[in-house]
K.L.:
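Pasting in a structure now, in structure tokens, and then I'll have a few things to ask.
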Number of protein chains: 2
Amino acid sequence: MPTRTLRPVRKSPPAALQRVPGLSYAALDEFVGFSLRRAQIASFADFYRGAAGSGLTPPRFTALLLVGGNPGLRQTLLGEALGIARSGAMLLTDWLEARGLVERRASPDDGRAWGLFLTGSGKRVLDAVKRRVGAEDRRRMQRLSLRERRQLKSLLERIAD
Amino acid sequence: MPTRTLRPVRKSPPAALQRVPGLSYAALDEFVGFSLRRAQIASFADFYRGAAGSGLTPPRFTALLLVGGNPGLRQTLLGEALGIARSGAMLLTDWLEARGLVERRASPDDGRAWGLFLTGSGKRVLDAVKRRVGAEDRRRMQRLSLRERRQLKSLLERIAD
DNA sequence: TATTGTTATACTCTATAACTATA
DNA sequence: TATAGTTATAGAGTATAACAATA
């Protein structure tokens with residue numbers, strides 16, 4: 001059994017591109033990627049507002065959602081889904097387990113692997129954060145009509161790989 | 001004058017959410033934020049493809065674009081535009097200066113401040129990378145019709161703060 | 001031999017806080 | 001006093017590589 005070190009809570013959201021008044025952004029506005037990035041940063045800010053106090057970050061929240069939707073998920077697969085190395089998936093799982101949100105259970109069919117499961121507390125925390133983050137997500141999207149929201153989502157899916 | 005330490009070139013793009021076949025993503029798909037994030041990650045991948053070999057990262061590229069479009073830009077303002085602390089803006093400027101892409105000139109009206117300017121080499125590198133990254137950006141967007149591209153950009157601007 | 005999880009280590013980017021020199 | 005830039009230091013998240021146990 002490994003050492004379960006509790007990693008501290010993140011204090012503030014990551015860097016954010018800002019529109020500073022008086023500066024020329026003409027060169028940036030040629031790229032759709034910049035609009036995408038700025039919208040995505042706004043969405044991250046929503047997340048941090050909704051997840052405030054939970055200690056969750058986007059990868060941790062995503063991990064909880066994935067474990068919740070795929071009980072018995074293995075760390076390697078979790079890492080793959082998150083696009084991080086196995087070692088990182090382990091540290092992430094350590095953090096979630098130390099906080100009592102996720103449980104490692106020995107895999108019945110593979111002695112090398114763990115199956116990951118939400119604990120009762122993990123389910124409650126996930127539900128609460130999901131509700132609050134979801135509310136923030138919908139609040140921002142209410143700037144658009146229902147039709148525009150569907151359009152945006154469909155366009156985004158088409159340009160994502 | 002500070003020490004101008006040359007920071008190494010980034011090897012690989014940052015983490016990327018992946019659709020792993022067989023996993024349930026139902027819980028994630030409730031959030032527009034996830035579509036946004038996945039599309040944005042794809043756009044980052046485009047950037048790293050286009051900027052390959054240049055050592056540029058998204059913040060460094062953005063910094064070059066901003067200095068190019070705002071000659072004499074001060075570090076503090078650059079940091080603000082990028083959403084990073086002054087100290088970070090300095091390290092970033094150090095990197096760009098050590099690579100000969102950007103020049104610090106004493107500000108004529110304020111003895112404390114630098115004005116940032118692209119060097120000849122900086123202009124050439126920026127032009128080349130801009131062209132290649134722009135091509136990648138447009139290549140992805142060609143999955144959409146012209147009308148859809150305009151729509152996407154407009155929708156993104158409306159949900160960004 | 002290959003894979004799962006783990007450990008050790010290092011690197012990148014960021015922040016905070018204290019310093020200096022100018023304003 | 002306040003601001004621009006700098007320095008020192010630390011933290012968070014990532015990667016790579018080597019290891020043990022199991023497949």
Side-chain angles (χ1 to χ4, degrees), chain A residues 1-18 41 44 48 55-63 72-80 82-98 102 104-116, chain B residues 1-17 41 44 48 55-63 72-98 102 104-116:
Chain A
M1 281 294 176
T3 324
R4 301 286 175 233
T5 40
L6 183 62
R7 294 215 280 174
V9 167
R10 196 182 227 292
K11 299 130 210 149
S12 56
L17 285 173
Q18 308 267 2
I41 282 167
F44 256 26
Y48 279 99
L56 293 182
T57 58
R60 286 169 189 164
F61 179 59
T62 309
L73 185 63
R74 298 188 188 175
Q75 285 181 197
T76 298
L77 215 54
L78 174 61
E80 238 174 273
L82 294 173
I84 60 177
R86 278 182 302 284
S87 57
M90 208 219 48
L91 294 171
L92 178 51
T93 306
D94 281 357
W95 192 93
L96 295 171
E97 195 187 40
V102 152
R104 281 175 165 105
R105 296 192 208 149
S107 188
D109 48 302
D110 189 335
R112 298 167 300 180
W114 300 107
L116 302 182
Chain B
M1 281 294 177
T3 324
R4 304 282 175 234
T5 40
L6 183 62
R7 296 212 281 172
V9 167
R10 195 180 229 296
K11 299 128 212 153
S12 57
L17 287 172
I41 282 167
F44 257 25
Y48 280 98
L56 294 182
T57 59
R60 286 170 189 165
F61 179 59
T62 310
L73 184 63
R74 296 188 189 177
Q75 286 182 197
T76 300
L77 215 54
L78 174 62
E80 239 174 272
L82 295 173
I84 61 177
R86 279 183 300 286
S87 56
M90 208 218 47
L91 294 172
L92 178 51
T93 306
D94 282 356
W95 191 93
L96 295 171
E97 197 187 42
V102 152
R104 281 174 164 108
R105 296 192 206 149
S107 187
D109 48 303
D110 188 335
R112 298 168 302 180
W114 299 108
L116 302 182

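What's counted below: heavy atoms across the whole structure, side chains too, no hydrogens, waters or symmetry copies. Numbers restart at 1 for each chain; the letters A, B, ... are given by sequence-line order, proteins then strands.
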K.L.:
Starting from the 5' end of DNA chain D, give me the residue, D109(A) or G115(B), whose nearest nucleotide shows up first.
P.N.:
G115(B)
K.L.:
Within this structure, what is the CG-to-P distance between D94(A) and dG13(D), rounded to whole angstrom?
P.N.:
13 Å
K.L.:
Does a side-chain N or O of R60(B) approach OP1 or OP2 of dC13(C) to a distance below 4.0 Å, or not?
P.N.:
yes
K.L.:
Please tabulate, one pair per line, all N/O donor-acceptor pairs under 3.5 Å involving side-chain atoms of residues 76-90 of chain B, not counting sequence neighbours.
P.N.:
none

K.L.:
Could you measure the distance from the CG atom of L56(A) to the OG1 atom of T62(A)? Nearest 0.5 Å is fine.
P.N.:
9.5 Å
K.L.:
What's the CG-P distance between L92(A) and dA12(D), to the nearest Å?
P.N.:
14 Å
K.L.:
Calculate the interatomic distance between R105(A) atom CZ and dG5(C) atom C1'; express it in whole Å.
P.N.:
19 Å
K.L.:
How many Å lie between CD1 on I84(B) and C1' on dT12(C), as a whole number?
P.N.:
13 Å
K.L.:
Find the distance L77(A):CG to dT3(C):P and express it as a whole number of Å.
P.N.:
14 Å
K.L.:
Ignoring hydrogens and angles, answer whether the base of dT14(D) and the side-chain atoms of S87(A) contain a donor-acceptor pair closer than 3.5 Å.
P.N.:
no
K.L.:
Grab the N/O contacts between the protein and nucleotides 2-4 of chain D below 3.5 Å, and write none if there aren't any.
P.N.:
unit_1 : atom_1 : unit_2  : atom_2 : d
dT3(D) : O4'    : R112(B) : NH1    : 3.4
dT3(D) : O2     : R112(B) : NH1    : 2.5

K.L.:
Find the distance between OG1 (T57(B)) and CZ (F44(B)) and round it off to the nearest 0.5 Å.
P.N.:
8.5 Å
K.L.:
Quick one: closest heavy-atom pair of P58(A) and Y48(A), and the distance?
P.N.:
CD-OH, 3.2 Å
K.L.:
Do you know which two heavy atoms are closest between L92(B) and P59(B), and how far apart they sit?
P.N.:
CD2-O, 4.2 Å
K.L.:
Expressed as a whole number of angstroms, how long is the span from L82(B):CG to dC13(C):C1'?
P.N.:
13 Å
K.L.:
Taking CE from M90(B) and P from dT9(D), how many angstroms apart are they, rounded to a whole number?
P.N.:
15 Å
K.L.:
First locate atom CG of L116(B), then atom CZ of R74(B), and finally report the distance between them rounded to the nearest 0.5 Å.
P.N.:
10.5 Å
K.L.:
Could you check how far CD of E80(A) sits from P of dA15(D), rounded to whole Å?
P.N.:
13 Å
K.L.:
Looking at residues at least two apart in the chain, or sitting in another chain, which of them share a side chain to side chain contact (heavy atoms under 4.5 Å, CB included) with R105(B)?
P.N.:
E103(B), F117(B)
